[in-house]
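Letters A, B, ... mirror the listed sequences (proteins, then strands); counts begin at 1. Keep in mind it's a predicted model, so treat the numbers as computed, not measured.
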Number of protein chains: 2
Amino acid sequence: MPRDVFSALADPTRRQVLDLLSRQERAAGELGRAFPHISQPGISRHLRVLREAGLVHVRQDRRNRFYSLRSERLAEVDAWIAKYRGFWAAELDSLEAYLDARKRSATRGGR
Amino acid sequence: MPRDVFSALADPTRRQVLDLLSRQERAAGELGRAFPHISQPGISRHLRVLREAGLVHVRQDRRNRFYSLRSERLAEVDAWIAKYRGFWAAELDSLEAYLDARKRSATRGGR
DNA sequence: ACAATATATATCAAACTGGTTATGTATGTC
DNA sequence: GACATACATAACCAGTTTGATATATATTGT
């Protein structure tokens, strides 16, 4: 049942779904309507893959199933890429700058 | 011919190959020997996928083909995940600590 | 020229993917 | 109870992937 996170992310539609969920939770039907070229069962199966990979969480509410992002597994992917981050130093420096800025504006307990 | 980076990363063997290349360039045969359960043509095709995804570079030297990491495409993946980085604040803080340590030990020009 | 080494390509079967249509199940509405 | 809504699962199919074995190509050594 457990799915590999990397292969779950291999499909562009599933990545778009995660993008949609990054802003807010959404009902399955709402997600489906975002992909008019894919049938309802098609989206349903993409959602299943994301579920099995632990990338999303589902909440049942009345007739709706609301999907939301679970970031833990994405953190694993990020940890894998982190090993390579030293290879593109420029981007690393800009991230560093971002973190510095974040640190300066941190009002203790923020976020 | 161009391959999707995410699907190239979907295979665990290919991720391991990149891990091996992250330390130093290696000949195809050397990479193959790191996976005794996979045949030589099997590895050769994994290398082809990595090539087509732009994740590795090949250099011919005598009888050997030396593979090395090309980080640009990994940076693209990193950029995608960056959008989600705010979601796991704890890990972000540890990365921050790492960057701080890196900054302190930076002896100008060091990798 | 011949043999050995290093690596890629060809071909094929088994497994996996991603899409479809048809159907099932649960929850509301009249 | 009959019907609609919201979603999942089943069955099926075409295309792709991954592994294997066999073969080709290029380079080096004798």
As a test of reading the structure: which of [options] is closest to the side chain of [X], going by heavy atoms?
X: A/T13; options: D/dA8, D/dT27, C/dG19; answer: C/dG19
X: A/R14; options: C/dG18, C/dT9, D/dA10; answer: C/dG18
X: B/P41; options: D/dA22, C/dT7, C/dT21; answer: D/dA22
X: A/A28; options: C/dT9, D/dT21, D/dA8; answer: D/dA8
X: A/R3; options: C/dA8, C/dT17, C/dG28; answer: C/dT17

For [Y], does its backbone N or O pair with a side-chain atom of [X] as donor and acceptor, under 3.5 Å?
X: A/Y84; Y: B/D19; answer: yes
X: A/R14; Y: A/A8; answer: yes
X: B/D11; Y: B/T13; answer: yes

Using a heavy-atom cut-off of under 4.0 Å over every strand shown, decide if [X] touches base, sugar-phosphate, or nothing.
X: B/R63; value: base
X: A/R45; value: base
X: B/Y67; value: sugar-phosphate
X: B/F35; value: nothing
X: A/G29; value: sugar-phosphate

* Asked: Does some side-chain heavy atom of A/L74 sit less than 4.5 Å from a side-chain heavy atom of A/L9?
  ->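 Yes, their side chains come closer than 4.5 Å.
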
Value in whole Å for how far the [atom2] atom of [N] lies from [atom1] of [X]:
X: B/I43; N: C/dT7; atom1: CD1; atom2: P; answer: 12 Å
X: B/D11; N: D/dG19; atom1: CG; atom2: P; answer: 6 Å
X: B/D61; N: D/dA26; atom1: CG; atom2: C1'; answer: 14 Å
X: A/L9; N: C/dG18; atom1: CG; atom2: P; answer: 12 Å
X: A/H37; N: C/dG19; atom1: NE2; atom2: P; answer: 7 Å
X: A/L50; N: C/dT17; atom1: CG; atom2: P; answer: 13 Å
X: B/E52; N: D/dT16; atom1: CD; atom2: P; answer: 13 Å
X: B/H46; N: C/dA8; atom1: NE2; atom2: P; answer: 13 Å

* **Closest-nucleotide 5' rank along DNA chain D - winner of B/I38 and A/R65** =>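 Nearer the 5' end of the strand: A/R65.
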
* Asked: Is A/Q40 side chain donor-acceptor paired with the D/dA6 base, going by distance under 3.5 Å alone?
  ->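 Per atom types, no contact qualifies.
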
* Are there more than 12 heavy atoms of other residues, nucleotides or ligands under 6.0 Å from atom CZ of B/R59? ->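 Yes - once you tally the heavy atoms of other residues, nucleotides and ligands closer than 6.0 Å, there are more than 12.
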
* **The single option from B/R45, B/R73, B/R3 passing salt bridge (charged side-chain N to carboxylate O under 4.0 Å, His left out) against B/E52** =>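 Passing option: B/R3.
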
* OP1 or OP2 of C/dT20 less than 4.0 angstrom from a side-chain nitrogen or oxygen of A/S39, does that happen here? ->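 Answer yes for this pair, as a side-chain N or O of A/S39 is under 4.0 Å from OP1 or OP2.
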
* Closest-nucleotide ordering on DNA chain C, the 5'-leading residue of B/N64 and B/R48 ->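 With B/R48 and B/N64 compared, the 5'-side residue is B/N64.
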
